[in-house]
2 protein chains.
Amino acid sequence: MSAPALTKNQALVFDVLEKADGPLSAYTILDKLRDHGFRAPLQVYRALEKLLEYGVVHRLESINSFVACAHPGENCHKHGIVAFAICESCGQVMEFHDHEVDNRLTDWTKARKFKAEKTTIEMRGLCEACAA
Amino acid sequence: MSAPALTKNQALVFDVLEKADGPLSAYTILDKLRDHGFRAPLQVYRALEKLLEYGVVHRLESINSFVACAHPGENCHKHGIVAFAICESCGQVMEFHDHEVDNRLTDWTKARKFKAEKTTIEMRGLCEACAA
DNA sequence: TCGCACACGTTATAGCATAACGCAATTGAT
DNA sequence: ATCAATTGCGTTATGCTATAACGTGTGCGA
Ligand SMILES: [Zn+2]
Ligand SMILES: [Zn+2]
Ligand SMILES: [Zn+2]
Ligand SMILES: [Zn+2]
């Protein structure tokens, strides 16, 4: 699941996400890539699907947006569950891991024999700068 | 924020969710209430908005659906962050609280002065029965 | 009685995501 | 070399999710 060489479209989408200062929706990405020949949502969604699979992009379920992984190179997935703090004012996203949270959730799933495939942890609120 | 008497529409929507054996999308709710005079999505969304506010219904961000609170009467919000395990096969949802998870996330936010307004924890996977 | 808050109904629109078709390039076994 | 399978890509169409904007009626306190 580590990232092979990206195709042209995958590279374009990843580049847009990496340069952005916050999460972007698929349609926003599409708009940013019209000059590069993108015409339809599927071109974006198909690239995102692969980038998510490779673990270099994360999807923020609570805001239907996508963001480049904040920990390039280290294959984020291996660090366990990823959590996000999303500022609803400035859009900034902070990505972090907490092994104790992982452990507690894993304990819960083990006790109930629930097989978790994908876990979402997202906090929406105000960052320090915006709360002031 | 405890629940006042529900209006007619709110009661109808809540009733549908309570009787359902899993989460429902707003449009599914709409379809189930057409016989009761519902004609437009807003009728559902407006009722849901209040039910969420009262804490008797939860929104599952990762599947764009809504579910009745599994802990009627005790005002779920007071127990801290709510977490869900969602079976992608049978649709069953398990709702739970974990104070240690709460504490860890709260510690993180305090350390970074992030003011969390709404936290989502959702695990998607297979329940014991479906994994077998 | 006036003004306000709130629920409600309706129409229209915006925003998010995928189905289904066909084509081209790549790969990898025979 | 050839064929089949896989993968990426482009396009059109469609479906699902959510809200904007406008207007109506009702209840209730100033
Ligand atoms: Zn990451
Ligand atoms: Zn901020
Ligand atoms: Zn609850
Ligand atoms: Zn199941």
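Computed over heavy atoms, backbone and side chain alike; hydrogens, waters and symmetry mates excluded. Residue numbers start from 1 in every chain, and the chains themselves are labelled A, B, ... in the order their sequence lines are given, proteins ahead of strands. Remember, predicted model here, so these are calculated numbers, not experimental data.
- The nearest whole Å value for the distance from the CG atom in B/L30 to the C1' atom in C/dT11 is 15 Å.
- The existence of a salt bridge linking A/E88 and B/K115 is excluded, since no basic side-chain nitrogen approaches an acidic carboxylate oxygen closer than 4.0 Å.
- For the 3.5 Å distance criterion, the side chains of B/S62 and B/E122 qualify, holding a donor opposite an acceptor.
- Formation of a donor-acceptor pair under 3.5 Å by the B/D102 side chain with backbone atoms of B/I81 is found in this model.
- The B/A40 side chain lies nearest to C/dT11 when the options are C/dG9, C/dT11, C/dC8.
- A straight line from NZ of B/K8 to C1' of C/dC8 spans 10 Å, rounded to a whole angstrom.
- Under 4.0 angstrom from either OP1 or OP2 of D/dT19 there lies no side-chain N or O belonging to B/Y45.
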Review item, nucleotides 20-29 of chain D N/O atoms under 3.5 Å of protein N/O:
none

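- Contact annotation: A/N64 does not reach the phosphate of D/dT17 (side-chain N/O to OP1 or OP2, under 4.0 Å).
- Distances shown here put a side-chain N or O of A/K50 below 4.0 Å from the OP1 or OP2 atom of D/dG8.
- Ring-centre distance between B/H58 and B/F84: below the 6.0 Å cut-off.
- Between the CG atom of B/L12 and the P atom of C/dA7 there is a distance of 15 Å, rounded to whole Å.
- The listed nucleotides are D/dG8, C/dC16, C/dA17; the one nearest the side chain of A/T7 is D/dG8.
- Distance, A/E53 CD to D/dT6 C1': 14 Å, rounded to whole Å.
- Taking a centre distance below 5.5 Å and an interplanar angle below 30 degrees as the stacking criterion, B/Y27 stacks against the six-membered base ring of D/dT17.
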_Trace of the salt bridge (Lys or Arg N to Asp or Glu O under 4.0 Å) decision for B/R46 with B/E49_ = CA-CA 5 Å; B/R46 287 205 273 230; B/E49 185 179 19; over 6 Å; no
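- Atom pair B/D31:CG and D/dT17:P shows a separation of 10 Å (rounding to whole Å applied).
- Taking only side-chain atoms of A/Q43, from C-beta outward, the nucleotide of D/dG10, D/dG8, C/dA17 with the closest atom is D/dG10.
- Under 3.5 Å, the side chains of B/T28 and B/S25 contain a donor-acceptor pair of N or O atoms.
- Rounding to the nearest 0.5 angstrom, the gap separating the CZ atom in B/F38 from the CG atom in B/D31 is 12.0 Å.
- Protein atom CD of A/E49 is 8 Å distant from nucleotide atom P of C/dT18, rounded to whole Å.
- Proximity note for A/N9 (side chain, C-beta onward) versus C/dA17, D/dG10, C/dT10: the nearest is D/dG10.
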